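Notes to accompany the following structure.
Since we're looking at a predicted model, the values are computed, not measured. The analysis underlying the following values was restricted to heavy atoms, covering all of them including side chains, and did not include hydrogens, waters or symmetry mates. The chains referred to below are lettered A, B, ... by the order of the sequence lines, with proteins before strands, and numbering in each begins at 1.
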Amino acid sequence: MYSDLVMEHFSNPRNVGAMPDADGVGSAGNPVCGDVMKLFIRVRDGRIEDARFQTFGCGAAIATSSMVTEMVKGKTLDEALDISNKAVAEALGGLPPTKMHCSNLAAEALHRAIEDYRSRAPA
Amino acid sequence: MYSDLVMEHFSNPRNVGAMPDADGVGSAGNPVCGDVMKLFIRVRDGRIEDARFQTFGCGAAIATSSMVTEMVKGKTLDEALDISNKAVAEALGGLPPTKMHCSNLAAEALHRAIEDYRSRAPA
Amino acid sequence: MKRAVYLDHAATTPVHPRALEAMLPFFSQRYGNPSSVYSLAQEARQAVEESRVAVADILGCPARDIIFTSGGTESDNAALKGVAFAARESGNHIVTSAIEHHAVLETCRFLEKFGFEVTYLPVDECGLVRVEDVEKAITQSTILVSIMLANNEVGTIEPIAEIARVVKDKSKLVGSRVFLHTDAVQGAGALDLDVNELGVDLLTLSSHKFYGPKGVGILYVRRGTPFLPQQSGGAHERNRRAGTENVAGIVGAAAALKLAAERRQSNGQQCQSLRDRLIAGIQLKIKRAHLSGHPTIRLPNNASLCFEYVEGESILLNLDFAGVAASSGSACTSASLEPSHVLMAMGIPEELAHGSVRFTMGPDNTEEDVDYVLSIMPGIIEKLRAISPLTEAGES
Amino acid sequence: MKRAVYLDHAATTPVHPRALEAMLPFFSQRYGNPSSVYSLAQEARQAVEESRVAVADILGCPARDIIFTSGGTESDNAALKGVAFAARESGNHIVTSAIEHHAVLETCRFLEKFGFEVTYLPVDECGLVRVEDVEKAITQSTILVSIMLANNEVGTIEPIAEIARVVKDKSKLVGSRVFLHTDAVQGAGALDLDVNELGVDLLTLSSHKFYGPKGVGILYVRRGTPFLPQQSGGAHERNRRAGTENVAGIVGAAAALKLAAERRQSNGQQCQSLRDRLIAGIQLKIKRAHLSGHPTIRLPNNASLCFEYVEGESILLNLDFAGVAASSGSACTSASLEPSHVLMAMGIPEELAHGSVRFTMGPDNTEEDVDYVLSIMPGIIEKLRAISPLTEAGES
Ligand SMILES: Cc1ncc(COP(=O)(O)O)c(C=O)c1O
Ligand SMILES: Cc1ncc(COP(=O)(O)O)c(C=O)c1O
């Protein structure tokens, strides 16, 4: 069902946990739908220095969360905003068609975290 | 599909062949329907002394033909007229439901042969 | 070697070695087409008819009332569509429950497209259909009631015999004949399947749920029940289901059903004690874990639980890493993203329903299997709760 | 030991040992339900999907266009009902031929009950559908044409590719989309099954006709074809055929189809030379024996003959006593008493049609088998003709 890389990220998710002093926080999903993702970013000099996540969801939701936190690190905010759902799924070696919505969550939470950061510290 | 006795009569049919000097001949069935039976009887002192048959038809048709010729031998005409389709089928240990019509032919041909005899030599 | 613990017997079961042994000659040796005339074919015919008698014995019905199909799904489809289209003149109303298997529910949706009206009865929080609801739902235009014998997700056993009595009485009252179908797929090997005790007119079974092969179903249709065959073609199965018979499959299904019926008592007791050990252990070791379904009126092998703050599939994947096979909701369609319609109908909140896990035991399971699961489950739940954003909010 | 000569490969075939070998692990070891999440189940899922790719390769189509069913009969039903009910808005007219298998003809009768109109095209005395008849039959309300690739009784091969062109052209002319289905059940292992070469939108196969297990069918549905699934339930087979997959059966069917495709050339040549030897021998040794079907445009393994003055079943029973398995008309329904509708449609007189015998060869048959049949047939026919009341009348 899942690619090896998805399974790897699912069983050893990177960057897990809350970040109390985050510069931006974004959420996506809804417990009623079975998927909630919360993404935390630390921003230094216009770049994402660190990212962490908390996720309630299926294997794909947890793996995409883990992957997106890896992908954003070191990117400028604009570069990070360019990360699409498809890009996250591709970085994981693909997702089953019925699970594609999970990668939506990851990009969505990321974009919201960046919005949150920008709303706090206007450019 | 068929009982052992049906198979036995089918593979070794008794009383096969035309009887040129028959006292009564009866036919039933129709080549178009796939079943034709012709029954010949020789009558002595009101009893059927001998019977023979010719049949075009399936296994059940040939076996019932053979059986009916055996059953009538030695019977009075009235006794012979009492032989029903069911009796022929039962004597053979039963027939598959879809083949029950074949035992109809045997009794029908027999009854016609007796009619034929009676019409030739009125009592 | 990694330990392998199979606890998903409600999803499917391995073919019993004796059932497989019975099947084997019919693939490459006794391969005749049962409709043919010659001996090789008549051997196959005989095997099919003997299988029919064996099944009929267990259901307490004449062999002629048994139709072999390609599975539980086909049997459910054939039952509902078969009666509905045949009894169309008498009425267009069907009564079923909200917790039926998709094979029944989607067939009802199909029939709705053809002008039938369907009442989906609610269930109580234990998953029980209320007999009085069935009674109330029946009107003059009702032709069919379809209620499952036992639910595949939570294991709740429905009061079919009582429902049968009510259907009969109400049927007389409204002056129209109402037929009763039960999807007994999950009951095989655990419950009495006698169609007269149950009082049903149609009954569905699926071979792969009772240690027979996949792709074989059984449909009982009581003589006199209106029935329009849904698979048209040759005169097979007394003109009620066309298609060359799956001889090996049918032989395997009948052999398996016989074995399952023989072992029903002992197997039920064994499964039940394992199940109770698992439920008690989980509730002792893991907080915020809830048993779903009825506490006692449930299949002896079913332990369905919902775990707060975590999602079912991620539990299953972790169990799989540890060699344990279990299921979340119906195994039938992991393609669906909605939480189980069964848990929803029982009033379980959606977020909790997403955290459901179903363990279903079989005769090969041992206490060691259960203890192994109990040894790994707390760690899995803990790990997932540590990642979950719901945990803090919930526990605060 | 009695000699055993199987010459009824059009009725069914033994499972090829290599196909059976491929199936075996999926009964009691790799028994997971392909819809489940864990590894045991995902192995089964993979086996099903690999089988789908193998079948698609042979049909020259994307794997997603292949649906696994429970047999040729189900595939025919699903194809015709699936398109008819889905395309109902566009029209209610179906074109087929008078010599289709019961699985197609009875499905048409079923659809007639639901308001569809069906044109049953005649055939010529060789069993060929005339392409111009197809063209003429198509009107603005036509939605589907279903013509078989090769006939199961007489082996005549229909001009499907030509029919496909005519359907496409006429379809444009009348301005409505007409879909083309072919029942290719008898073509597997003998003819090219490439759906693009054939130009068909739907194609039916049945596993047990090409050395796969009974109870497995294949249905090709070209992307974009309107299709209302006939078996409702779970989301299996991309929502086009609900029901737990018959994993072992599917694996066996795919393995068998691959083998059949590989051996197509050599097998065809071998069967054809045996067939020609049998036909020539019978016509030499037995008077008033007539080959039915087309003299050359026929399946390489089909020898269908009609014998005057004798009835088919009694020939078959005598052949069976001698260890030879053959068929009279369609093996599908020996329950029918009417002479074959195929021979009738070809204008063969009823009494002659009753005397039909079909020998169909397979790769395991040898020249000795044929010579054995040739050594016993004259005696059997002679014996039966001696009993027959038609013989004298006919010969005089
Ligand atoms: C209650 C119930 N009904 C019907 C079915 C469908 O049977 P099958 O898997 O044979 O299609 C299942 C199993 O999936 C089931 O659990
Ligand atoms: C041409 C044709 N179509 C359909 C079928 C039906 O297939 P099945 O036997 O798998 O039901 C058969 C064989 O019986 C056949 O020969």
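- Between C:Leu317 and A:Met7 the shortest side-chain heavy-atom distance falls below 4.5 Å.
- No side-chain heavy atom of C:Thr391 sits less than 4.5 Å from a side-chain heavy atom of A:Phe56.
- Heavy atoms of other residues, nucleotides or ligands lying less than 6.0 angstrom from CG of A:Asp21 number more than 12.
- Distance SG/A:Cys33 to NE2/C:His354: 6.5 Å, rounded to 0.5 Å.
- Residue A:Asn12 places its CG atom among more than 12 non-hydrogen atoms of other residues, nucleotides or ligands, all under 6.0 Å distant.
- Interface residue A:Pro13: only side-chain heavy atoms are found under 4.5 Å from chain C.
- For C:Tyr372, the side-chain hydrogen bond (donor to acceptor under 3.5 Å, both in side chains) test picks out no residue, with sequence neighbours left out.
- When A:Gly57, A:Pro96, A:Ser65 are compared by the number of non-hydrogen pairs under 4.5 Å with chain C, A:Gly57 comes out ahead.
- In this structure, chain C has a heavy atom under 4.5 Å from the backbone of A:Ala60, while its side chain stays farther away.
- Looking at A:Val32, both its backbone and its side chain come within 4.5 Å of chain C, counting heavy atoms on both sides.
- A search for ring-ring contact (aromatic ring centres under 6.0 Å, His included) contacts involving C:His9 returns C:Tyr6, not counting sequence neighbours.
- In this structure, C:Lys383 NZ and A:Ser11 OG are separated by 6.0 Å, a value rounded to the nearest 0.5 Å.
- Expressed to the nearest 0.5 Å, how far OG1 of A:Thr55 lies from CD of C:Glu311 amounts to 11.5 Å.
- Atom CD of C:Gln283 is surrounded by more than 12 heavy atoms from other residues, nucleotides or ligands within 6.0 Å.
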